[in-house]
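Numbered from 1 within each chain, the chains take letters A, B, ... in sequence-line order. Just so we're clear, the structure is a prediction, and the values are computed from it rather than from any experiment.
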Amino acid sequence: MTFLSGLRDRLREGLKRSQEHLASGLAAVLAPERPIDDALYEELEELLLAADLGATLAADFTNRAREEVMFGTVTRADQLRPLFRRFLADTLQPAAQPLDLDHRPAVVLMLGVNGAGKTTTAAKLAAALSGSGKRVLLAAADTFRAAAIEQLQRWGERIDVPVIHQAAGSDPAAVVFDAVKAATARGVDALIVDTAGRLHTKANLMSELAKLKRVIERQLPGAPHESLMVMDAPTGQNGFAQARVFHETIGLSGVVLTKLDGTAKGGIVVRIVRELKVPVKLIGVGERVDDLQTFDAETFVDALLPVQ
Amino acid sequence: MLDSLSTRLQSIFDRLGGRGRLTEENIQEALREVRVALLEADVNFKVVRAFIDRVREKAVGQDVLRSLTPAQHVVKVVHDELVELLGGSGHRLTPAPHPPTVIMLIGLQGSGKTTTAAKLARWYTKQGQHPLLAAADTNRPAAQDQLQTLGGELGVPVVGGPGQTPLAICRQAREDAAARGLTPLILDTAGRLHIDEALLAELAAIRKEVLPHHVLLVLDAMTGQDAVTVADRFNKAVGVDAVILTKLDGDARGGAALSVRSVTGRPIAFAGIGEKTDALEPFHPDRLASRILGMGDVLSLVERAQEGVDQTKAEELVRKLREDAFTLDDFRDQLRQVRQLGPLDQVLGMLPFGKMLRAAPKDLTAESTDLGRFEAIIGSMTPDERRSPEVINGSRRARIARGSGTTVQDVNRLLKQYAQMRKMLKQLKGMEGKLRLPIPRG
């Protein structure tokens with residue numbers, strides 16, 4: 001995915017704010033001369049909690065740190081930071097996987113709960129692909145939310161990518177059917193399908209999504225090549241339930257973590273990666289079209305727990 | 001998940017054997033569980049810490065109410081404290097002495113401002129008022145179209161179009177509302193990050209010039225630990241008078257509300273509970289408290305269960321169980337009781353066999369429409385068929401499906417559920433003596 005590379009500095013810049021926030025806390029916690037005691041563990045655990053890793057994972061990492069201290073591999077407080085960084089990096093390493101777009105057309109399905117940033121992400125991805133010389137098509141399969149189609153159309157005009165759409169309120173399966181047909185007929189490189197936001201608890205909307213996937217599969221065996229759940233970084237523990245249900249329903253190929261340019265760290269993906277083995281394929285670090293980046297475990301750990 | 005906290009607390013107290021009085025020691029472990037529950041509900045960890053201290057202070061030394069177990073008592077203390085922190089009896093927006101009342105919505109991208117603006121307009125229309133919507137989100141593509149469409153559906157006028165600045169739109173809207181006698185005026189602003197100084201200044205400028213009576217922070221119920229930072233920054237830069245919690249129709253526990261309340265001291269006014277414009281309701285602190293704890297509201301559920309579950313019917317059920325005579329009629333009774341009590345996932349655990357229903361395939365629990373369908377199916381059976389479902393063959397199934405307006409697949413599904421339940425009941429028969437109906441004591 002060369003079209004997104006070389007932007008690591010931008011990412012660091014985007015993530016800097018969250019780093020600063022956390023770094024000031026950590027420096028105090030991990031002064032080398034500090035004794036390793038319960039208060040220290042508690043503070044460490046709270047740093048992980050603050051990043052939305054969740055109570056279970058935070059307790060787990062903290063207990064593993066206790067073990068290392070017990071075995072004598074760690075003796076000073078300032079060694080704990082590298083230790084936690086290793087825990088995080090080990091967990092996240094398998095999560096960094098590139099998009100699978102070596103198909104013609106490669107079909108990318110964008111899904112997720114309401115307000116996560118699906119339409120914006122679809123447009124940004126389309127812009128990135130189109131900017132790297134690929135021919136791209138967008139499909140406006142969110143026919144439910146008022147003006148969602150217009151939103152994608154505006155984006156299409158802005159980034160010069162055609163948008164397949166029907167009238168508001170029409171059957172999203174029909175839109176998708178048309179879109180796949182158009183993508184095949186026009187011989188484009190990629191088709192990006194924007195779907196309506198849906199809470200994972202709505203059974204009927206989830207089966208609608210499963211149907212969309214079936215429609216694509218039937219028309220184009222092997223597609224969709226990517227089913228990406230878009231989730232925003234401020235999402236808390238509910239993000240895991242979202243990922244689990246979406247994964248069970250249609251099988252996720254990856255997560256896109258958006259809005260990382262705020263102060264939220266998106267730590268819930270650590271749990272998603274660990275327990276569901278779903279990789280993180282892209283992250284969004286700003287509002288600009290080129291603010292969509294590939295996920296890099298190392299950089300992400302830097303944001304969660306900066307090096308001193 | 002429903003009663004996981006009370007179950008866990010129960011097992012702690014069972015082990016400690018502590019009864020009668022809550023002490024520093026026997027409450028310690030219980031509070032650890034409460035802490036985890038709050039963290040899993042996305043309450044900010046600092047807020048959790050302060051909260052646990054308060055609860056400990058209150059609980060230690062208390063005598064356990066006679067009608068409750070120690071675990072239930074701790075939950076009660078925690079629950080009461082949560083309700084109090086969340087704002088007691090809830091918050092209502094007072095109308096301005098001189099109309100229009102101006103309501104301004106602010107928040108992060110994707111929190112649900114535009115949808116909420118339309119919902120508020122509908123809410124006030126239902127109250128007999130004539131609101132005006134101002135589409136001042138000039139940033140997100142087609143955001144103004146979205147509000148225009150929603151306003152059109154509701155018959156509520158919308159002002160603001162492309163080419164105007166947000167401030168100009170809000171100013172113009174205020175004049176329009178006054179001139180046309182429309183109130184309240186609801187300002188929909190663009191989503192923005194709480195650390196974007198320039199965009200926050202834009203909001204502050206609107207506030208200063210248009211003088212809204214209520215600035216409402218729209219907050220996604222799924223927000224995690226960052227909610228405190230978001231609320232704090234918005235509050236400092238623009239000023240927040242109250243909060244609207246959105247997307248509560250999912251299964252997020254909504255602990256962010258407690259965080260925001262603690263940090264800003266601002267009340268929560270409304271809750272968004274669905275995608276359609278009618279899915280807005282005044283905020284109920286007691287309901288959210290139960291939700292944060294991941295359980296049905298223990299006490300009121302106990303009350304509701306006592307009212308809803310007919311004690312004699314429950315005893316009858318036990319007798320039938322003993323005689324292995326659980327028929328489709330009984331199955332229907334169970335379904336009806338479930339329906340009477342309200343939100344399914346909350347009450348299932350409270351009912352006799354509710355836990356089994358919950359453990360059963362999702363079919364039954366997923367949507368309450370299924371319950372209606374199941375009732376219709378059983379209603380279309382002959383008394384004979386209800387007593388001994390073995391006689392229901394293919395042609396009877398087709399007849400029942402026709403009669404109930406369902407499909408043969410639905411009938412099959414019901415029969416399968418029934419058979420599964422019966423099987424579970426049989427397994428339970430062996431432990432009859434131990435089987436305690438979860439009908440509360442006292």
Side-chain angles (χ1 to χ4, degrees), chain A residues 17-18 21 45-46 49-52 54-56 58-59 113-117 119-120 123 144-155 157-158 168 196-205 231-239 241-242 245 258-259 261-268 287, chain B residues 35-46 48-49 108-115 118 139-150 152-153 191 193-196 220-227 229-230 233 246-247 249-256 274-275 345 362 366-367 369:
Chain A
R17 280 185 283 248
S18 19
H21 181 65
E45 192 181 356
E46 286 184 343
L49 290 174
D52 283 317
T56 319
V113 299
N114 316 65
T119 306
T120 309
F144 178 80
R145 181 167 62 85
I149 299 168
E150 286 86 339
Q151 185 179 348
L152 198 63
Q153 280 178 305
R154 300 281 163 80
W155 269 113
E157 289 157 21
R158 203 184 285 181
R198 64 201 76 221
L199 291 179
H200 54 291
T201 48
K202 309 255 159 112
N204 52 341
L205 295 180
M231 186 177 74
D232 64 12
T235 306
Q237 298 308 301
N238 194 245
Q242 291 170 25
V245 178
T258 60
K259 307 182 196 170
D261 47 337
T263 49
K265 289 155 220 68
I268 190 63
E287 295 210 298
Chain B
R35 172 179 177 268
V36 171
L38 293 176
L39 287 171
E40 291 294 337
D42 288 322
V43 181
N44 183 270
F45 70 94
K46 285 181 194 157
V48 170
R49 207 195 294 146
L108 296 178
Q109 293 96 334
S111 53
K113 285 173 298 303
T114 306
T115 306
N139 197 14
R140 180 164 56 92
Q144 290 176 321
D145 298 350
Q146 184 183 351
L147 200 60
Q148 292 281 3
T149 308
L150 291 170
E153 283 166 16
L193 277 177
H194 51 293
I195 47 174
D196 192 327
D220 187 328
M222 298 181 274
T223 313
Q225 299 286 315
D226 203 41
T229 321
V230 172
R233 300 278 179 103
T246 60
K247 306 180 203 172
D249 45 330
D251 57 0
R253 311 254 292 269
E275 292 187 80
D345 49 340
K362 275 189 194 153
E367 280 169 89
T369 51

Spatial distance of atom CG (B:L193) from atom OG1 (A:T263) [nearest 0.5 Å]: 8.0 Å
Residue pair B:E275, A:K202: steps toward the salt bridge (charged side-chain N to carboxylate O under 4.0 Å, His left out) verdict: CA-CA 11 Å; B:E275 292 187 80; A:K202 309 255 159 112; 5.0 Å; no
Residues forming a side-chain hydrogen bond (donor to acceptor under 3.5 Å, both in side chains) with A:T258, sequence neighbours excluded: none
Exercise: identify the closest heavy-atom pair between A:L199 and B:G250: CD1-N, 3.4 Å
Most heavy-atom pairs under 4.5 angstrom with chain B, which of A:E287, A:R158, A:R198, A:R154? A:R154
Spacing of A:Q151 atom CD and B:Q146 atom CD [to the nearest 0.5 Å]: 7.5 Å
Winner by heavy-atom pair count (cut-off under 4.5 Å) against chain A, out of B:D42, B:L150, B:T114, B:T149: B:D42
Chain A heavy atoms under 4.5 Å from B:Q109: which part of the residue, side chain, backbone, both or neither? both
Checking A:T119 now: which residues fulfil side-chain hydrogen bond (donor to acceptor under 3.5 Å, both in side chains) with it, not counting sequence neighbours? A:D194
Tell me, side chain or backbone of B:D249 under 4.5 Å from chain A's heavy atoms, or both, or neither? both
Where is the tightest heavy-atom contact between B:L108 and A:P234, given as atom of each residue plus distance? CD1-CG, 4.3 Å
Of all the heavy-atom pairs spanning A:A241 and B:D251, show the shortest one and how long it is. CB-OD2, 4.1 Å
Drop me the distance from B:Q225's CD to A:I268's CD1, to the nearest 0.5 angstrom. 10.5 Å
Gap between atom CG of A:D232 and atom CE of B:M222 - 0.5 Å precision: 7.5 Å
side-chain contact (heavy atoms from CB on, under 4.5 Å) between A:Q237 and B:L39, intermediate numbers included: CA-CA 9 Å; A:Q237 298 308 301; B:L39 287 171; over 6 Å; no
For chain B, which candidate among A:E46, A:Q242, A:E150 shows the most heavy-atom pairs at distances under 4.5 Å? A:E46
Verify, without hydrogens or angle tests, whether B:K247 (side chain) and A:V113 (backbone) share a donor-acceptor contact under 3.5 angstrom. no
Hey, could you give me the CG/CG distance between A:N114 and B:D220, rounded to the nearest 0.5 Å? 8.5 Å
Below 4.5 Å from any heavy atom of chain B, which atoms of A:Q153 appear? Answer side chain, backbone, both or neither. neither
Under 4.5 Å from any heavy atom of chain B, what part of A:T56 do you find: side chain, backbone, both or neither? both
